[in-house]
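Remarks on the structure that follows.
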Amino acid sequence: MKKKYSQCRSAAMIAGFVVLFALAAASALAAEKGMVEMITDVAKEKGMIGAASFDPQGKLMLPKDYRRWVFVGAPVTPNDMNGGKAAFPEFHHVYIDPGSFKLYQETGKFRDGTVIVKELATVGGKKGASGNGYFPGEFNGLAVAVKSSSRFADEPGNWGYFNFGGEGGKLKESARAQETAACSPCHQKNAAQDLVFTQYYPVLRAARAK
Ligand code: HEC
């Protein structure tokens, strides 16, 4: 009888601990959520959308540190395969911000706030140590896509497109959003997922296949 009672008591204690632990975990989560909301509010005030930052005139600031982001692919459309007149005769190095990449791995979708950078590099030469091919020369351009339901509510897929120029290696510090007709239609028509050319980005395809 005595034994049973103490068993009962320790079971109750364990149950108590479980409840306490759950409560503590829940309040920690709530605090963290509150913190995240606070950070998000401050970020919004500062013109931040995910990894993108906008000035008060609504121009996108040139993203910083994008070369530390996740590199997803490098299509190349050289002149000599396009009758000497390729629209973009360069290598296109494409990066996605790490936070959005992580969520893409988890959900297979581009979250609100996704930033994708396409940095152009000229085709520098065709002979390399490993054989003939196309080898990158110098950087000469940069374009960015930002997905934001608040800033680009009327744009297809909520994507805003930006061109930072960059011929000769000099990029603009900020860029205005392009007209919808300039960029979006080709992406809408030809890109595999949500206006993004995932069909050319093996890293994104592999992330989604997980
Ligand atoms: C004629 C079609 C076409 C037009 C017009 C076009 N793009 Fe793209 N864009 C592409 C293709 C194809 C890719 C895939 C990568 C590659 O091959 O360069 C791409 C990729 C991108 C990416 C990388 C993310 C993604 O969606 O895959 C950005 C950023 C981008 N384009 C910006 C722009 C901007 C800014 C404009 C307008 C000034 C523009 N694009 C107009 C065809 C187009």
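Worth saying up front: this structure is predicted, and the values here are computed from it rather than measured. Start at 1 and go down the list; that is how both ligands and their atoms are numbered.
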Return the orientation label for the Phe88 and His92 ring planes: parallel under 30°, perpendicular over 60°, tilted otherwise. perpendicular

Mind telling me whether Trp69 and Tyr66 have parallel, tilted or perpendicular rings, with 30° and 60° as the class edges? perpendicular

Polar proximity ligand 1 side, [X] side, N/O cut 3.5 Å exclusive:
X: Asn163; result: no
X: His92; result: yes
X: Phe197; result: yes
X: Asn190; result: no

Which protein non-hydrogen atom lies closest to atom 24 (C) of ligand 1, naming both residue and atom, and how far is it?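 Minimum-distance protein heavy atom for atom 24 (C) of ligand 1 reads Ile116 CG2, 3.5 Å.
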
Shortest protein contact, atom 28 (C) of ligand 1 (heavy atom only):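 The protein heavy atom lying closest is Lys118 CB, 4.0 Å.
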
Using the ring centroid of each side chain, check whether Tyr161 and His187 are separated by less than 6.0 Å. yes

Ignoring hydrogens, just give me the one of [options] whose non-hydrogen atom is nearest [atom].
atom: atom 32 (C) of ligand 1; options: Gly157, Cys183, Ala145, Ala143; value: Ala143
atom: atom 14 (C) of ligand 1; options: Phe162, Tyr95, Tyr201, Phe164; value: Tyr201
atom: atom 5 (C) of ligand 1; options: Ala181, Cys186, Gly160; value: Cys186

Side chain to side chain, Tyr104 and Thr114, heavy atoms closer than 4.5 Å: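 They are not in contact (no side-chain heavy atoms under 4.5 Å apart), so the answer is no.
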
Non-hydrogen side-chain atoms of Val196 and Tyr201 separated by less than 4.5 Å: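 In short, these two side chains touch, coming nearer than 4.5 Å.
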
In ligand 1, the atoms that come under 4.0 Å of a heavy atom of Tyr161 are 32 (C), 33 (C), 35 (C)

Could you list which atoms of ligand 1 come closer than 4.0 Å to a heavy atom of Val144? 29 (C)

Do side-chain atoms of Asn163 reach the backbone of Gly165 as a donor and acceptor pair under 3.5 angstrom?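 Yes, the answer is positive, given that a donor and an acceptor are paired below the 3.5 Å cut-off.
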
Please check: side-chain N/O of Asn79 versus main-chain N/O of Pro89, any donor-acceptor pairing under 3.5 Å?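 Checking the backbone N and O of Pro89 against the side chain of Asn79, no donor-acceptor pair under 3.5 Å is found.
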
Is atom 8 (Fe) of ligand 1 less than 2.8 Å from an N/O/S atom of His187, whether that atom is in the backbone or a side chain? yes

Once you restrict to heavy atoms under 4.0 Å, what part of Val117 touches ligand 1? Side chain, backbone, both or neither. neither

Counting only heavy atoms closer than 4.0 Å, does ligand 1 sit against the backbone of Thr77, its side chain, both, or neither? neither

